[in-house]
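Reading through the structure tokens given below for one structure.
Ligands are counted one by one from 1 in listed order, and the atoms in each one are counted from 1 as well.
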Amino acid sequence: MSPSQFNLSQDQIPTHWYNLAADLPTPMAPPLHPGTKQPAGPQDFAAIFPMNIIEQEVSTERMIKIPEEVREAYALWRPTPLRRAVRLEAALGTPAHIYYKYEGSSPAGSHKPNSAIPQAYYNRQAGIKRIATETGAGQWGSSLAHACNIFGIECVVYMVKVSFQQKPYRKSMMQTWGATVHPSPSNHTEYGRKVLKEHPDSPGSLGIAISEALEDAVTHPGTKYALGSVLNHVCLHQTVIGQEAIKQMELAGEDPDVVIGCVGGGSNFSGIANPFIRRNLTEGKKYRLVAVEPTVCASLTQGELRYDFGDSGMMTPLMMMYTLGHDYVPPKIHAGGLRYHGMAPLVSHLYKLGLMEAKAYEQRQVFQAAMQFARTEGIIPAPESAHAIRAAIDEALAAKEEKRKRVILFNLSGHGFMDMAAYDNFLGGHYVEEK
Ligand SMILES: Cc1ncc(COP(=O)(O)O)c(C=O)c1O
């Protein structure tokens, strides 16, 4: 039997995060203050984030040391497995080799704890007692609930209403780890009440939930806000994925031609891609990096590159990013974690510079890929992650067409055990592509 698992030992958990800002060929445009429209400085973020996190947000230091307590918490599930999808390859009849990094083995079931753990840690270091956040699919909220539980911090989560209804057990997970969960838009904030008054049936969106969590943070003493994607420090924390994957691909004796990740706000893609982009920029490598998004919320492939707010309530600093507009409310697709109007400024910058590619898929194509993966590799993927699987399968089919080997690596960002309602709809033939 040839090996299909390439695993690292716990002492190989990365000791540093990799900061791509240090190697960018041109610097990113700065965030702007929402009122003055002047470049926002660290003080402009101080109401919502502790200073130790703000320092990471603006840092251009290449390698940032991971605190030992964070590495110890990472050791609950890291290093994550790297597997070769030999059964999927056989089913496709492709000469391609398909590898996947599996982030679904974390306590919350996705890559999100990679940033939740350090964010809770840095807040505790800064003496913060309570954190407010938003969650789309429920993955980030459950990750932060778990992390806050580890570091003894109270956690309040505004959960996008459609996900709250579709995924009641995500709410139970958060409550199990001690968090309080409100469906958003809610009656707990002024902004939520305003949305409910204008749109009583609003399904909610990440943009609305972010506004509610921000308002909660600035109106409750001792409370800060935490974001699960988009910002530089979140993308930074996720680079443990790509650093491990590089070592694991070496164990497998192969180098990927293409590295793929799905994109909501851009954090798991950055996590797997940035350490490979570093090699492209500094070692003359030629990895292709592909970000995959849903056609109904396609900020990279259909959005506009401009300054926009990160939330619907226009409370965040303005960020230079590909955006569909801060007031865009995406349709109720099951990949709740990909329903975000914008894209991480870092990913937007890479896309603008032509250092990566992007593609969009319809939900039906994505679910077909999810089914094929579950029926060959066994793991039932999160609907978000299935976007990356779709692109990986298409790369493998292109290799078959060309009759040439292609080495494909994708990030399987989470499992879909809390998404069985979506599978139920698909299996029952009720899946409607919402435009
Ligand atoms: C499993 C999974 N993958 C991907 C994403 C998308 O987020 P990001 O682009 O920040 O990785 C989410 C967001 O909730 C998610 O839950």
(request) Name the closest protein heavy atom to atom 10 (O) of ligand 1, giving the residue it belongs to and the distance to 0.1 Å. (result) Ser229 OG, 2.5 Å
(request) For atom 12 (C) of ligand 1, grab the closest protein heavy atom and report residue, atom and distance to one decimal in Å. (result) Lys112 CE, 3.8 Å
(request) With the side chain counted from C-beta on, respond yes when Tyr225 and Val218 share a heavy-atom pair under 4.5 Å apart, and no when they do not. (result) no
(message) I'd like to know if Gly136 contacts ligand 1, where contact means a heavy-atom distance under 4.0 Å to any ligand atom.
(response) no
(request) Please work out which of Ser413, Gly416, Pro383 has its closest non-hydrogen atom nearest to atom 3 (N) of ligand 1. (result) Ser413
(message) Test your reading of the structure: does Asn268 have an N or O sitting under 3.5 Å from an N or O of ligand 1?
(response) yes
(request) State, to 0.1 Å, how close Ser312 and Ser205 come at their nearest heavy-atom pair, and which atoms those are. (result) OG-OG, 3.9 Å
(request) Can you spot which of Gln175, Met174, Met173 makes a side-chain contact (heavy atoms from CB on, under 4.5 Å) with Trp177? (result) Met173
(request) Look at atom 16 (O) of ligand 1 and say which protein heavy atom is nearest, naming residue and atom and giving the distance to 0.1 Å. (result) Gln139 CG, 2.9 Å
(message) Taking a cutoff of less than 4.0 Å between a non-hydrogen atom of the residue and any ligand atom, is His111 in contact with ligand 1?
(response) yes
(message) Does Asp23 form a side-chain contact (heavy atoms from CB on, under 4.5 Å) with Arg62? I'd like the steps, not just the answer.
(response) CA-CA 8 Å; Asp23 291 316; Arg62 182 167 292 108; 2.7 Å; yes
(request) State whether the shortest distance between N or O atoms of Cys262 and N or O atoms of ligand 1 falls below 3.5 angstrom. (result) no
(message) So, applying side chain to side chain donor-acceptor pair (under 3.5 Å) with Arg78, which one of Glu244, Gln12, Gln10 is it?
(response) Glu244
(message) Gly265 versus ligand 1: do any nitrogen or oxygen atoms come within less than 3.5 Å of each other?
(response) yes
(request) Enumerate the atoms of ligand 1 whose separation from the nearest heavy atom of Val263 is less than 4.0 angstrom. (result) 9 (O)
(message) Below 4.0 Å, non-hydrogen atoms only: which portion of Val230 touches ligand 1? Side chain, backbone, both or neither.
(response) neither
(message) Please tell me whether Lys359 and Tyr361 have a donor and an acceptor in their side chains that are separated by less than 3.5 angstrom.
(response) yes
(request) Kindly give the heavy-atom pair with the smallest separation between Ala226 and Phe49, and that separation in Å. (result) CA-CE2, 4.3 Å
(request) Evaluate the side-chain contact (heavy atoms from CB on, under 4.5 Å) criterion for residues Phe164 and Arg170: first the C-alpha distance (whole Å), next the side-chain angles of each, then the deciding distance (0.1 Å), finally the verdict. (result) CA-CA 8 Å; Phe164 188 90; Arg170 274 280 163 204; over 6 Å; no
(request) Select the closest option to atom 8 (P) of ligand 1 among Gly109, Ser115, Ser267, Ser385, judged by heavy-atom distance. (result) Ser267
(message) I'd like to check which ligand 1 atoms, numbered from 1 as shown, lie under 4.0 Å from a non-hydrogen atom of Gly266.
(response) 8 (P), 9 (O), 10 (O)
(message) Out of all atoms in ligand 1, which are within 4.0 Å of some heavy atom of Leu338? Include the element for each.
(response) 6 (C)
(message) Please find the pair of heavy atoms, one from Glu212 and one from Ser186, that lie closest to each other, and give the distance.
(response) OE2-OG, 2.7 Å
